[in-house]
Engineer: 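Mind looking over this structure? Questions follow.
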Amino acid sequence: MESQTTQTFEDIVTEYGDFVFNLTYRILGNHADAEDAAQDAFLAAYRNFVRFRGESRVST
């Protein structure tokens, strides 16, 4: 696995996509709402990806 500072955003989505969807599904209990929430979470992460300094884990 690459260090988190060199991971591309695509790598992050691939690695954490299922986790984020499963978490949103457990919270919302609806497949469509969970997909929307997961997409919103990744959109927010994408918008702020350039600010990520790699000082913490991506999962936090």
Side-chain angles (χ1 to χ4, degrees):
M1 173 65 57
E2 300 172 61
S3 74
Q4 291 172 347
T5 57
T6 61
Q7 279 186 306
T8 66
F9 188 75
E10 182 179 353
D11 293 337
I12 292 168
V13 172
T14 299
E15 185 171 345
Y16 294 100
D18 289 342
F19 172 78
V20 171
F21 172 77
N22 289 332
L23 178 63
T24 58
Y25 184 76
R26 283 194 307 266
I27 292 168
L28 299 170
N30 177 287
H31 191 272
D33 290 342
E35 284 181 338
D36 287 345
Q39 184 175 14
D40 288 345
F42 280 114
L43 181 57
Y46 179 78
R47 287 181 177 151
N48 292 291
F49 187 63
V50 296
R51 295 177 34 204
F52 182 67
R53 297 180 303 226
E55 296 173 355
S56 61
R57 295 186 319 210
V58 172
S59 60
T60 58

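This is a predicted model, so every value here is computed, not measured.
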Engineer: With sequence neighbours left out, what residues match N30 under side chain to side chain contact (heavy atoms under 4.5 Å, CB included)?
Structural biologist: A32, D33
Engineer: Taking only residues two or more places apart in sequence, or in another chain, which ones meet R26 in a side chain to side chain contact (heavy atoms under 4.5 Å, CB included)?
Structural biologist: N22, L23
Engineer: For the residue pair T24 and A34, what are the closest heavy atoms and their distance?
Structural biologist: OG1-O, 3.1 Å
Engineer: Not counting sequence neighbours, which residues clear side chain to side chain donor-acceptor pair (under 3.5 Å) with N48? List them please.
Structural biologist: R51
Engineer: State whether a side-chain donor-acceptor pair under 3.5 Å links T8 with D11.
Structural biologist: yes
Engineer: In a table with atom names and distances, give each donor-acceptor pair under 3.5 Å that connects a side chain of residues 39-47 to protein atoms at least two apart or in another chain.
Structural biologist:
none

Engineer: Does F21 sit in a hydrophobic cluster with other residues, and if so which ones, taking ILVMFWY side chains as linked at heavy-atom separations under 4.5 Å, directly or through other members?
Structural biologist: Y25
